[in-house]
Each structure stands twice: as structure tokens, then as C-alpha cells.
K.L.:
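So that we are looking at the same thing, I have put the structure below in C-alpha cells.
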Amino acid sequence: MNQMKTRFTFIAEHRLFNAVIIGLILINAVLIGLETYPSLYNSYSEFFIGADRILLWLFTIEIIIRLIAASSIKQFFKEPWNVFDFIIVLSGHLITGGHYVTVLRILRVLRVLRTISVIPSLRKMVNALLMTIPSMGTILLLLGIFFYIYGVIGTMLYASIAPEYFGSLHSSLLTLFQVVTLESWASGVMRPILEEDPTSWWYFVTFVLIGTFVIFNLFVGVVVNNVEEADKENRPSPEEVKLAQVQKELEEIKALLKTKKE
């Protein structure tokens, strides 16, 4: 049993094994993309269905190998990415039939996300982004207050001039979301209002300056900071590096003394 576990551990940790899984995920992604063309899918539907079943069973074998290679089942499911992979693969076996075609297709698309769990650098990046969620709470609160104030002001000032943009509070908030993304905000939103009210420039200019260039840069700063923190955690500390060097030197001294004795 231990010998088999050692073999499976060797396979699961081998670079070729991960490369093959990444290749299968990419093939799966290409096939799903080709299925979006009805003429192509209708002509080769049997091939697409067969290829999907083969890929599903290959992913199942991969999960079984990794499950056996883990120190314990509990340890395997402690890793969130392993749980994600397990659910995605298991759902492919459980959800079948015509009633669940749409759900099954969505789950098959989600298999592409498994590249994150397989590639360590992507996994590290996503983990860093997840770390930003708690620290983003304050920024989101600030952004919500900022949007609400400008939404109310915009509704009060420009509801009669541009009711399609500022006719109600929720319309104003949706318009402000468009403005903060800088998507056609000048020609599509500001210019028509500016023709009716030449003083409206202050409203849009201050909103863009504060919303886009200040608050959104806070988001970027938080994300960059957390990525750096995550990278530092994965890097060995100077003390650990020194300890490894000392251990290496001790091993060399032991080997040298052993050679002299002989």
C-alpha cells in the first residue's frame, strides 16, 4: 500500500503529469468553443459528445491519482482548490440528461478554470486577490457613499434635462457607473447635458477625477500590496536561507570527516 502511494505521489508531483493535465484542459476549452458554432456542432455532435466523455474520465482519473497521493483524504479536502476540482469533475458525472443541458455546458466551461488550480503562479495570483477582499470593504463603503451623493445630486439637477440618464436615482447610479468606466461618458452623457446647462461640467469633471483617478487607484494599490505580501510569504526568510546554508555546510563537514576516517 505504501509503495503504491509512493508511486502515485511521484506521478502527481511530476512536471509531465501537470503538463498533460494543462493540455487536456486546453483541449477541453477549444472543444467547448467550437461547440458554440451550431453548424459545426450539428455535423460532428457524436465526436463532441464522445470527446467530452473521454476528457471527463481522464479528469476523474487525475483526481483519483491526486486523492491517493495525498497524505489523507481529510488533508486533500483541506485545500480549497482540490475541493473546487473535485466538485467540477463530480458534477459532470451527476448532472446528465436533456433537462440539464445548459447547466452541464456551464459546468464544462468552468473546467477551464482548473488551469488556475494546476498552474502554481496563477493560483498564487488568485489567492492574493482573495486576500484583498477584506481590505476592500472600506474602499467599497467609500465608493458607495460617493456614488450615492453624486447620484442624488445628478437626479436633482439633471432629471428634467436628461431623464433617460438622471430621471431616477437608480438611473443616475447606472449612468455614473458608465461615467466612472470612462465609456463614452463625454460624448454620450456629458455633451448633451452641457448644451442645456453649461455649468454641468463641474459635476462630471469632479466625479471622474475623484471616482476614477482616486478611488479606483486605491483598489489597484490594495491589490498590488496584497500580491507583494503573498509573494513575500512564499519566499523563504533570510533566517531560513542562512539555516539551510548552515545545514548544507554541516553535511559537507560530516561527509569530509567520514572520508578521512575511512
K.L.:
Do the side chains of Y37 and V112 join up, straight or via other hydrophobic residues, at under 4.5 Å, putting them in one cluster?
P.N.:
no

K.L.:
Using side-chain heavy atoms (C-beta onward) and a distance below 4.5 Å, is W185 in contact with F204?
P.N.:
yes

K.L.:
Could you pull out the closest heavy-atom pair between A70 and F76, with the gap in Å?
P.N.:
CB-CB, 3.8 Å

K.L.:
So how far is it from I161 CD1 to L194 CG, rounded to the nearest 0.5 Å?
P.N.:
10.0 Å

K.L.:
Can you name the closest pair of heavy atoms from P192 and G188 and give their distance?
P.N.:
CG-O, 3.8 Å

K.L.:
Do F207 and L174 belong together in a cluster built from hydrophobic side chains that touch within less than 4.5 Å?
P.N.:
no

K.L.:
Are W57 and I25 joined in one hydrophobic group, where the rule is that I, L, V, M, F, W and Y side chains link up if heavy atoms are under 4.5 Å apart?
P.N.:
no

K.L.:
Are any non-hydrogen side-chain atoms of I193 and W201 less than 4.5 angstrom apart?
P.N.:
no

K.L.:
Taking side chain as C-beta onward, heavy atoms only, is I88 less than 4.5 Å from F59?
P.N.:
no

K.L.:
Less than 4.5 Å apart, any side-chain heavy atom of D85 and any of R66?
P.N.:
yes

K.L.:
In the single-linkage hydrophobic clustering (I, L, V, M, F, W, Y; side-chain heavy atoms under 4.5 Å), do I65 and L90 co-cluster?
P.N.:
yes

K.L.:
Aromatic rings F10 and H14: how do their planes relate, parallel, tilted or perpendicular, breaks at 30° and 60°?
P.N.:
perpendicular

K.L.:
I want to check something: taking the side chain as every heavy atom from C-beta on, are F84 and E79 in contact at a cut-off of under 4.5 Å?
P.N.:
no

K.L.:
What distance separates L209 CG from T212 OG1, expressed to the nearest 0.5 Å?
P.N.:
8.5 Å

K.L.:
At what distance, to the nearest 0.5 angstrom, does CZ of F146 lie from CG of L141?
P.N.:
14.0 Å

K.L.:
With no hydrogens and no angle check, is any side-chain donor or acceptor of N28 less than 3.5 Å from a backbone partner on L24?
P.N.:
no

K.L.:
Side chains of L31 and L55: closer than 4.5 Å at any heavy-atom pair?
P.N.:
yes

K.L.:
Counting distance only, does the side-chain N/O of Y41 pair as donor-acceptor with the main-chain N or O of F48 below 3.5 Å?
P.N.:
no

K.L.:
Honestly curious: do F177 and V214 fall in one hydrophobic cluster under the side-chain, below-4.5 Å linking rule?
P.N.:
no

K.L.:
From I21 CD1 over to I61 CD1, what is the distance, rounded to the nearest 0.5 angstrom?
P.N.:
9.5 Å

K.L.:
Are any non-hydrogen side-chain atoms of F213 and V208 less than 4.5 angstrom apart?
P.N.:
yes

K.L.:
So how far is it from S72 OG to K78 NZ, rounded to the nearest 0.5 Å?
P.N.:
7.5 Å

K.L.:
Checking Y203 side chain against Y150 main chain: does a donor-acceptor pair fall under 3.5 Å?
P.N.:
yes

K.L.:
Please check this pair: side chain of T175 against backbone of F166, looking for a donor-acceptor N/O pair closer than 3.5 Å.
P.N.:
no

K.L.:
Roughly how far, to the nearest 0.5 Å, is CG of L67 from CD of E62?
P.N.:
11.0 Å

K.L.:
Evaluate the side-chain proximity of V152 to L169: yes if any heavy-atom separation is below 4.5 Å, no if none is.
P.N.:
yes

